[in-house]
Amino acid sequence: MDTTTKKIVLPGEEIDLQGMKQGNGIYHENGKYYAYQLGMLQFYNNYVNLIPLSGKYYPVKNDKVIGKVIDIAPSFWILDIKGPYPGFLHINDTPWKSGSGELNKIMNTGDTVFAKVNEITESKQIWLSLKDNGLRKLEGGHIVSVQPTKVSRIIGKGGSMVNMIKEITGVKIQLGQNGIVWIDGEPDKVLLVIKILKFIEDQAHTSGLTERVKEILEKAR
Amino acid sequence: MSMVSNIKLIDENGLRIDGRKFNELRPIKIEVGVLNRADGSAYIEWGGNKIIVAVYGPREAFPKHTQNPSRAIVNARYNMAAFSVDERKRPGPDRRAIEISKIIGEALESAIFVEQYPRTSIDVYIEVLQADAGTRIAGLTAASVALADAGIPMKDMIVGCASGKVDGKIVLDLNKEEDNYGQADVPLAIIPRTQEVVLLQMDGNLTREEFEQAIEMSKKAALFISNLQKEALLAKYSRPEEKEEVKEEAEQENHGDDDHE
Amino acid sequence: MEMMIMSRSSDEIVYGLKRDYLEKISSGGNRIDGRKFDEYREIKITTNFVTRAEGSADVRLGNTRVLVGVKIEQGEPFPDTPNSGILTTNAELIPMASPTFESGPPNEDSIELARVVDRAIRESKMIDLDKLVITPGEKVWVVFIDIHVLDYDGNLIDASTIGAVSALLEAKVPASKVGQEDFQLPINHIPVMVTMAKIGSNIMVDPSLEEEEVATARISVATDENGDLVAMQKGLSGSFTVEEIFKAVDTSIEIGKDFRKRVFGR
């Protein structure tokens, strides 16, 4: 049977697996199981997982992230993706072609891309790619950041939350798993979306959130 | 510890100059998430101590030569604000602050899963805004909470307490006068789950028996303070409907342990 | 593969599109947090936060947080002012407050901050230094203002000035240490500093960090209760027209009046 609880556990707290298997975020010592970091316990599909409630973005293969170019090498860009490590984007993993040393003509420092985590090497090099649907250099609009652990709440079940926000405000939104959000639209609508994102972050742990967000959006319309 | 004084630190009823019993802690208050810019933060008031801690990271260690290819490095920086003490302190680290930073960093590192983040640093900034004896342990206790708030993976949350010798008697959690005029001070920090010692210093003069007594007393108090750390984190992260329960449970737990009340 | 040398400065590189966006909306009269151009963020002051100091103030200006402590100690007067107390101001941009701040001795940013705050207090003659003499020519009171930045979200100059003024207003001279009675630090005037940033061709007060990051020029103007100017500082590599500067001065005078009453109750 699958059950999902929302019990909060703290680093080092002993966890009763209740006969299930050890999932993510749980460590094992002398036959006992403990929480690896601050988070919520989820009992799902015969596994016990710890869902982090705080912390930096940690890249996972195929994540879609938003990065900022911070440096340029002869054949790749170096991007800040708000994780513990920078991301690298090789020219061969983009739709563009360029002679060596001329990458700055395509993208310069401060430019923003919506990219995919393509590969994470043994030594924690994070390689990104633009070769997939919708991945691109972002132009126009504004950038805000949210806590990466709250991104799934902002997306909502099957994208329900973010789609509702887009629909009611008419604002374009691109969410990075790393907590960077690109927003484009009328200034007052962008401001409204920023406030809504903050609200979702603060209230992420409460129930009935979609309804309350809808109410705020309708009122502001 | 060696200052000679005629001040009587324990009265005929066995009470200390601030009215505490020999095994009584000063009041402690911990708050989580007090800063916006840092990845994790905590504020602690412990007696007259007021200390704020920020955690940044894991982030690429800088300068690059400090990077370790197999694990994260833990940098603690203990710093006293110029106005935190009676006589203005010149800003910037002195030898004392550098030593304290080193031992706090090492103690915190013992609980952090550093191998998860090669080449990064986890930076812990401890700012003493007002000092009232026991700043290193108060700072370390808040640092553990700030690390948890920053989502850093840890075996457990380090916690500590000091004991010392005053007027020939072993007492818990020295205040400023006791620290200045007492005969010994033993700051201690442990991993609460295993009770392993991760920070220990001592200065002054103690018999073997007195030392054992001091360690026992500090350990017991540290376990009590460990609950305060957890309460503070739960107060920030629990859902509203759970918060009341957490508070009630914590209150019951604290009242159950009369030794430190 | 050889990695590039990375530094913490990655936090200092601004998203180009953010710069464009803030410039674009400012031309329509908008700011990114919805404020008007002459609107300050919320100010919260807690005085007497550090009881060990002779005066202290914990100031929050939006999400910026600065703790200012005032210590008053005995010292020797300067040879050229034997019958005057001494004022000295120091600022620490500690790495707690921002990923872009590094530990180490004061750098040019923290020195500029300390000197600009000092200038407003000194030149407005806020403290009556002549009343801080213990023994003429030998011993005077030294007033140390220490600015400790805890959380950086823009406009440190105003937050620090508010903190310094608030801490001084409540500071007591510990004269009992020299056999006299403690007395309130003698105050003559109250300076108010207003900092403005230029984004595109628009000027807005109390810039947040997001605004500071894309601003081309910055100007701080301090006034006293007569509306007279007592200190100014222009910063960053961009420029202002003379007309813009006059307008900034007018804005500072105007805001100062309300501010002095609302924030300091004077």
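In this text the structure is predicted, and so the values were computed from the model without any measurement. A note on names: the letters A, B, ... follow the listed sequences, proteins ahead of strands, and every chain is numbered from 1.
Contacts between A/Ile194 and chain C at a heavy-atom distance below 4.5 Å involve the side chain alone, from C-beta outward. With a 4.5 Å cut-off on non-hydrogen atoms, A/Lys82 touches chain C through its side chain but not through its backbone. With a 4.5 Å cut-off on non-hydrogen atoms, C/Asp20 does not touch chain A at all. Residue contact with chain C, scored on non-hydrogen atoms closer than 4.5 Å, involves the side chain of A/Ile180 exclusively.
The candidate from C/Ile25, C/Asp33, C/Ile32, C/Val14 with the greatest count of non-hydrogen atom pairs under 4.5 Å with chain A is C/Ile32.
Under the 6.0 Å distance and 45° angle rule, A/Arg136 does not count as a cation-pi partner of A/Trp96. Both tests hold for A/Lys68 against C/Tyr15: distance to the six-membered ring centre under 6.0 Å, angle to the ring axis within 45°.
Side-chain contact between A/Pro59 and A/Ile120 is present, with at least one heavy-atom pair separated by less than 4.5 Å. Contact check for A/Ile183 versus A/Val144: side-chain heavy atoms found under the 4.5 Å cut-off. Put simply, the side chain of A/Met40 does not reach to within 4.5 Å of the side chain of A/Val9, judged on heavy atoms.
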